[in-house]
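Below: one structure, written as structure tokens.
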Amino acid sequence: MELEALKNKLKQLIVVECDKEDELAWQDILDDEPLFGSKSTVGLDSLDALQLALVLKEHFGIKVEGSKESRKHLHSINSIVEHITSVQKC
């Protein structure tokens, strides 16, 4: 899948699966902005992180552990895409 298409699919999945349709359009998510925390316009929380981990496993076959190392992959759209592409190359 082309990188831009992958980023757009991720954004759409985040908005739908994390129930953000009323708050945010997927087109408004920037590729490098944080998805979690007070500086995030997306505003994901710990429950959303679990949902996102399920989405990544279901759609991309990527398993995200609860470790600090794994959580850094969920920082932004760019970091998720980087993780997906690195795992799928293996």
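From a predicted model like this one, the values you see are computed outputs, not experimental measurements.
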Sequence neighbours excluded, the answer for side chain to side chain contact (heavy atoms under 4.5 Å, CB included) partners of Glu33 is Ile29, Leu30, Thr41, Val42

So CG of Leu74 and CG of Leu44: to nearest 0.5 Å the spacing works out to 9.5 Å

Output for pair (Leu13 CG, Ile80 CD1), nearest 0.5 Å, gives 10.0 Å

Would Phe60 and Val81 count as a side-chain contact (heavy atoms from CB on, under 4.5 Å) if you check the C-alpha gap in whole Å, the side-chain angles of each, and the deciding distance to 0.1 Å? CA-CA 10 Å; Phe60 304 103; Val81 167; over 6 Å; no

Looking only at heavy atoms, the pair that brings Pro34 and Ser40 closest together is O-OG, 2.8 Å

Original post:
Considering only heavy atoms from C-beta outward, does the side chain of His75 approach that of Leu35 to under 4.5 Å?
Top reply: no

Are Val64 and His73 packed together at the side-chain level, in the sense that at least one heavy-atom pair is separated by less than 4.5 angstrom? no

| Co-membership, hydrophobic cluster, residues Ile77 and Leu3, 4.5 Å side-chain | yes

With a 4.5 Å cut-off on side-chain heavy atoms, are Gln51 and Val55 touching? yes

Handout entry: Candidate pair Lys63 and Val87, rule side-chain contact (heavy atoms from CB on, under 4.5 Å), full reasoning
Key = CA-CA 10 Å; Lys63 187 173 182 180; Val87 169; over 6 Å; no

For this session: Evaluate the side-chain proximity of Asn78 to Glu82: yes if any heavy-atom separation is below 4.5 Å, no if none is.
Result: no

Would you check if the side chain of Ser76 reaches a backbone N or O of Asp32 as a donor-acceptor pair within less than 3.5 Å?
-> no

* Is the side chain of Lys72 donor-acceptor paired with the backbone N or O of Ser79 at a distance under 3.5 Å, no angle test? -> no

Item to check | Min side-chain heavy-atom separation Trp26-Asn8 under 4.5 Å | outcome: yes

Q. Between Glu17 and Leu52, is any pair of side-chain heavy atoms under 4.5 Å apart?
A. no

Contacts of Asp28 meeting side chain to side chain contact (heavy atoms under 4.5 Å, CB included) (sequence neighbours excluded), chain-then-number -> Leu24, Ala25

- Item | Heavy-atom side-chain contact between Glu21 and Asp19 under 4.5 Å | yes

For this session: Run the numbers on Ile84 and Gln88 for side-chain contact (heavy atoms from CB on, under 4.5 Å), then give the verdict.
Result: CA-CA 6 Å; Ile84 290 170; Gln88 291 181 342; 3.6 Å; yes

Sequence neighbours excluded, the answer for side chain to side chain contact (heavy atoms under 4.5 Å, CB included) partners of Leu50 is Leu47

Exercise for review: Inspect the surroundings of CD in Gln12 and state if more than 12 heavy atoms from other residues, nucleotides or ligands are less than 6.0 Å away.
Suggested key: yes

So, Asp48 side chain and Asp45 main chain: donor-acceptor pair closer than 3.5 Å or not? yes

NZ of Lys20 to CD1 of Ile14, rounded to nearest 0.5 Å, is 10.5 Å

